[in-house]
Amino acid sequence: MRKDKLAGNSCVQERENSSMVNGDGAHENVEDTESKQDGNGEVDGGEESNEQEVIVIQDTGFTVKIQAPGTEPFDLQVSPQEMVQEIHQVLMDREDTCHRTCFSLQLDGNVLDNFAELKSIEGLQEGSLLKVVEEPYTVREARIHVRHIRDLLKSLDPSDAYNGVDCNSLSFLSIFTDGDLGDSGKRKKKGTELEQIDCTPPEHILPGSKERPLVPLQPQNKEWKPMQCLKVLTMSGWNPPPGNRKMHGDLMYLYIVTVEERHVSVTASTRGFYLNQSTTYTFNPKPANPSFLSHSLVELLSQISPAFKKNFTALQKKRVQRHPFERIATPFQVYSWTAPQVDHAMDCVRAEDAYTSRLGYEEHIPGQTRDWNEELQTTRELPRKNLPERLLRERAIFKVHSDFAAAATRGAMAVIDGNVMAINPGEETRMQMFIWNNIFFSLGFDVRDHYRELGGDAAAHAAPTNDLNGVRAYGAVDVEGLYTLGTVVVDYRGYRVTAQSIIPGILEREQEQSVIYGSIDFGKTVVSHSKYLELLEKTSRPLKVQKHSVLNEKNDMVELCSSVECKGIIGNDGRHYILDLLRTFPPDLNFLPVDGEDLPLESQHQGFPRQHRHRLACLRQELIEAFVEHRYLLFMKMAALQLMQQKANKDTKTDTPAITETSETSTENIVDTSQTKSTTPDSVNATEGKELEESIPGLSQAKELAASLVAEDGSDPKSREVVLNACKAVGSICNTSFDIRFNPDIFSPGVRFPDDSADDVQKQKQLLKDAAAFLVSCQIPSLVKDCLDHSALPMDGATLTEALHQRGINVRYLGTVLEFVDKTPAKAQLEHFYRIGISELITRCAKHIFKTYLQGVELSALSAAVSHFLNCFLSSFPDAVAHLPPDELVSRRKSRKRRNRVPGSGDNTAWASLTPSELWKNIGSEAQSYYHFAIQCESVDQVVEKYGLQKTNLLREISIKTGIQILIKEYNFDSRHKPAFTEEDILNIFPVVKHVNPKASDAFHFFQSGQAKVQQGFLKEGCELINEALNLFNNVYGPMHVEICACLRLLARLNYIMGDHPEALSNQQKAVLMSERVLGIEHPNTIQEYMHLALYCFANGQLSTALKLLYRARYLMLLVCGEDHPEMALLDSNIGLVLHGVMEYDLSLRFLENALTINTKYHGSRSLKVALSHHLVARVYESKAEFRSALQHEKEGYTIYKNQMGEAHEKTKESSEYLKYLTQQAVALQRTMNEIYKNGSNASIMPLKFTAPSMASVLEQLNIINGIIFIPLSQKDLENLKAEVQRRQQLQELGKNEEPSEDSPLELEDKIPID
């Protein structure tokens, strides 16, 4: 496959300060630069399912020579698509040219335009010489230069990552791999490795250890010890230059203190930088003698400070050695919930940023602030007819979205911190609205009793996230001509802020005049508009929204194709905007009691409907999709049954009525429609469908028949009747074909429907009841079943939430899910799931309480309040007392009445009176009222004891949910004499941000087709498609993104299976780095990535690295979910095998026996996984020559194989052979011992075979447990493999993969089906 090439057109760096794309020399050795997209990729779209137009995205690259002042000319590989600007970025990142920012590129004396594409430049060809020519500075250029130098000086300093700014985030992989894996592989020879490995992990990583230390989460990186180049670099107090100096070309003045303690004042002029004669207190702008005039500040400093010269050079060397993925900015900010104490150093740029709010020159766009709305909407309007256009459009949309999310987050924090003036300053705090940087901010409170009917503040808090889900859904449908607002929801310091882009002209008009579609008073007055109906009708099918009529205040019918609150406004720019999309999806009747309406029995049995905080609870889009799909299957079954009956009738010549109903009561028998009242079947259960299938012969043929019949135009009256009946039965809105849509206004208070649609409304009500029942009776059980067979493996709160959401279950059902697990017979095998669920439920309740708690805290007491709350929540210390700010900070003359307080300035100290017992009582009652789940507990210790939780885990969950950042140190939670936290331990409080994630649709199609190919066994084609997907992802998202991470992981797995171990290692290393950077250093996905990387390291002979990585994964897993988790068995088997390979037998046994225990617990003692575990343990005992124990374990394994697979199966035979071998060895050993006893020391002893396992045999076992089979790629083997894969798909009940399904799209593992 081709190497990707750097710096295609993926404009990763719009901002100067993120110009780190790739290290020096990145262009000569194109090997390590796959961080960007491809130089010459044609889209392999030939056998594409979506019939991709095949278009050459890029032409081939070529090489140019670059000549910079004072350096040798060097070659640079470029592609015709690149802009000249991208060569600038590369030069600003290269080690020998990084100190230049203000230059132009010239070809034969002509200056190249920065924004021109290379292919449009005349005379530019293979081998052309481009000269770097220094240009005069302007104030803007001088600022950019200083900022760039500061970035170079700070490039190894992790403080930006700890502080969560500029899209920096942490990565620790290089500490465990000692730098880049590719190199270390070449350095270390395989042979010498065995002697020097110290395999003993720290005590806390060993099985059975109870301590969960925090400090190892962020191992100290020696690289980060800063090499000091300067003591101080800051703007001088003499800025800006006075008029007469401006006319001498002075742009600004800097004040610098060198490491040698020399204090100098520097002038930035149009010609460059020079020393002037000013001091701290006297202004003398004349050049010093010598003035050292230099075009670059680095050249100037190198002349006056030897230490600067030495350290700056060393620092740049180190900077470019780091993997690019450690330095490239992430698209969205990732925050770390722990940080060490970082020294606060002087930093002119940071200081300036804080006060200029960076609106001026941050975004290099003329005209100061950005018009966000215009940018967001214009990118949507870009053409999308072919692949290059779509890529360009998606990239622009993604870029603007990530910029908007960052700006909105900054603005929301400024609003809550009180740094933005309200546009209605006269009103009370909660009603204020703000505009900053062309973004509109409002607080999540019920202002003007807008939501009074719907639940007041609780509804106002839920509405923004519902609205965001609506924006996401309409954005995904992407109808031309229909516009939504940029929307970001930020939770910060207990407040919820909604940030929205501004519709042009909306601020000048009253809302009543501008709304031409929808309702501003929840349905009392409603208007409609033909253009909006036409646009919204295009979204009706994909979003399953039914077109319907409602009555307005004059009792006239008004037609709508959305919920009534969805408002249509035409902006001054002539665009059709829709906003307030909080009811895009239908209401959830399980949480919306309606008088006179009964829910189906399945819901009632579970205690629904339940009262919820607000009336905005709606079903998730995933649930709607699943429900419609379920109904579709049912529709096909119905039609099939009727066809069979018709056939039977023909045979018997009698006429029985067709079936349209299957009713809840009679699962087995099929009921006639002689019942007069035709109701839809109450949420027809999935199990019932299965029973129907089994009880009726020939159903599958009938189904095919039904499918062809549905496809016909329904000309045959008989078949029309069949379809009609089936449509009625499943609640389709159309009688001639299957079509289910929902009316989102059903059960909305204040909405009235015309009389003639009463039937329709009744149908819709029934549909909503069925959907609610479907969630309870199908989706929740299916989630639990997936957890039982380990195809869903949540490890922490976030992955649990994701598992719920994927199945369309809202988190408000968490209590119901836990109760369901509690009643499941196999509860013991769901212990891990139950524990994670309980901890999620508790921390969410704590989060709800924390939110209101924080709203009453003023800024000066924030750290005291947060530490007090954490003490009440987690510390065993029974009477936690709050530290109030000391008296000298509380002013005597507080003005009693201040109306314009900032939102976060409650000047009360009510928070200080919270006690642990009160907090836990509140958590209990919150769990009861919100989740309808009973937690019996008065204190944290009781909960930890009762549910087997760990306090560090609770701390992690609450910190991530609320944005708290704490000092990384060991906390003594269990001391009964002093609280665990002091206010010094609370370092920061971050925002928690929700936003839309725009998708790269084409790339995603390629990725899916690639996965499908792989699953059919076409590995090579799959590999190519996924490589192509990777290029397209890079093209849209830039080099860093969650989806690129998934792509790299799959690619590495394919490389590995196809035997290309070094390539697998390189791709997986990128996947780990990226996962750390975009998901977080201890996210469950990151843990998985570490495990994969360890396997590939082992296969590449890097044993000590493999062990370090596995130990790291085990440490993270212990921290995140504890030892008792099915995934831990896989991890421990891996560790045990590697230790066995390096002959650490006793240590190996500790891990393998732990894996055996966990496997037995979660898979049942008869599982094939357990048999394999027994076998692995037996092998280690054999190596220790303890044959009796070995025999005992292998016998257990043999019994399982025999019972599960039968005598004849190869696994059973293998096991029986091994038993024979062990018995022989045991007998031989015994003989030798007897010989020694008999003859004493002069016995002739047979040499015994004590075998250290070969690396190959260890690797083979590693592959088996990690679910990998190797494929020798001959044609015949491929055929066999395809047959094998198809057989697997038929035996799906048996063939569950070793890993969670979303993690390994490869359903290929060792040749036995694993139960």
Side-chain angles (χ1 to χ4, degrees), residues 162 202-204 209-218 336-342 839 842-843 845-847 849-850 853-854 856-890 908-924 935 937-989 1118-1119 1122:
Y162 290 126
E203 197 57 40
H204 61 261
S209 161
K210 286 281 168 276
E211 52 168 334
R212 300 280 180 263
L214 260 186
V215 172
L217 178 60
Q218 297 189 358
S336 164
W337 63 279
T338 52
Q341 199 73 58
V342 182
S839 113
I842 289 173
T843 42
C845 292
K847 177 185 79 170
I849 296 162
F850 184 65
Y853 169 89
L854 265 195
V857 180
E858 58 179 312
L859 201 45
S860 61
L862 206 51
S863 55
V866 174
S867 62
H868 178 60
F869 184 90
L870 289 178
N871 282 327
C872 295
F873 183 46
L874 294 172
S875 187
S876 306
F877 181 57
D879 23 68
V881 182
H883 298 273
L884 288 168
D887 277 352
E888 76 266 16
L889 286 177
V890 181
N908 58 6
T909 47
W911 59 268
S913 58
L914 184 71
T915 63
S917 58
E918 182 195 352
L919 175 62
W920 278 97
K921 211 171 89 213
N922 292 348
I923 288 177
I935 292 180
C937 51
E938 283 83 74
S939 73
V940 65
D941 293 327
Q942 275 187 350
V943 170
V944 166
E945 185 55 37
K946 179 172 174 188
Y947 298 110
L949 309 176
Q950 23 184 69
K951 287 187 178 179
T952 37
N953 182 16
L954 289 171
L955 174 63
R956 172 179 179 264
E957 293 286 357
I958 188 80
S959 303
I960 289 172
K961 285 180 179 47
T962 54
I964 301 170
Q965 186 186 52
I966 57 159
L967 180 64
I968 188 160
K969 66 172 203 188
E970 300 316 339
Y971 291 95
N972 182 0
F973 296 110
D974 301 331
S975 156
R976 307 199 64 78
H977 309 297
K978 63 184 223 298
F981 298 91
T982 68
E983 48 194 292
E984 297 309 310
D985 297 329
I986 310 299
L987 297 183
N988 210 335
I989 190 153
L1118 288 171
L1119 186 73

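Annotation for Gln942: atom CD counts as buried by contact number, over 12 foreign heavy atoms lying within 6.0 Å. Summarising the local packing, NZ of Lys946 is surrounded by more than 12 heavy atoms from other residues, nucleotides or ligands at distances under 6.0 Å.
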Yes or no on side-chain contact (heavy atoms from CB on, under 4.5 Å) for Asp974 and Ser876, after CA distance, side-chain angles and deciding distance? CA-CA 5 Å; Asp974 301 331; Ser876 306; 3.6 Å; yes

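In this structure a side-chain-to-backbone donor-acceptor pair under 3.5 Å is missing from Ser875 to Cys872. Side chain of Asn871 to backbone of Phe981: a donor-acceptor contact under 3.5 angstrom is found. Checked by atom type and distance alone, the side chain of Gln218 never pairs as donor or acceptor with a backbone atom of Ile968 at under 3.5 Å. At distances below 3.5 Å, at least one donor-acceptor pair connects side-chain atoms of Gln950 with backbone N or O atoms of Leu1118.
In this structure, CG in Asn953 is found 7.5 Å from CG in Leu1119, a value given to the nearest 0.5 Å. Leu874 CG to Ser939 OG: the interatomic distance, rounded to the nearest 0.5 Å, is 11.5 Å. Here the NZ-CD1 distance, from Lys847 to Ile964, works out to 12.0 Å after rounding to the nearest 0.5 Å.
At least one side-chain heavy atom of Leu854 sits less than 4.5 Å from a side-chain heavy atom of Ile989. With contacts defined as side-chain heavy-atom distances shorter than 4.5 Å, the pair Val940/Phe873 does not qualify. Counting only heavy atoms from C-beta outward, the side chains of Ile958 and Ile842 never approach each other to under 4.5 Å. Within the 4.5 Å cutoff, side-chain heavy atoms of Asp985 are placed close to those of Tyr971. At least one side-chain heavy atom of Glu918 sits less than 4.5 Å from a side-chain heavy atom of Asn922. At a threshold of 4.5 Å between non-hydrogen side-chain atoms, the residues Gln341 and Leu987 count as touching. Residues Glu970 and Pro213 are in side-chain contact: their nearest non-hydrogen atoms beyond the backbone lie under 4.5 Å apart. In this structure, Asp941 and Lys951 have side chains that are in contact, with non-hydrogen atoms separated by less than 4.5 Å.
Summarising the geometry of Ser839 relative to Glu957, their closest heavy-atom pair is OG-CG, 4.3 Å, with the distance given to 0.1 Å. Counting all heavy atoms, side chain and backbone alike, Phe877 lies closest to Arg976 at CD1-O, 3.3 Å. Counting all heavy atoms, side chain and backbone alike, Lys969 lies closest to Val215 at CA-CG2, 3.7 Å. Of all heavy-atom pairs between Ser209 and Arg212, the closest is O-NH1, 3.0 Å. Across every non-hydrogen atom of Ser863 and Ile986, the tightest pair is O-CG1, 3.7 Å. Heavy atoms only, all atoms of each residue included: Leu955 and Ile966 are closest at CD2-CD1, 3.4 Å.
With sequence neighbours excluded, no residue forms a side chain to side chain donor-acceptor pair (under 3.5 Å) with Gln965. Annotation: ring-ring contact (aromatic ring centres under 6.0 Å, His included) contacts of Phe869 (sequence neighbours excluded): Phe850, Tyr853.
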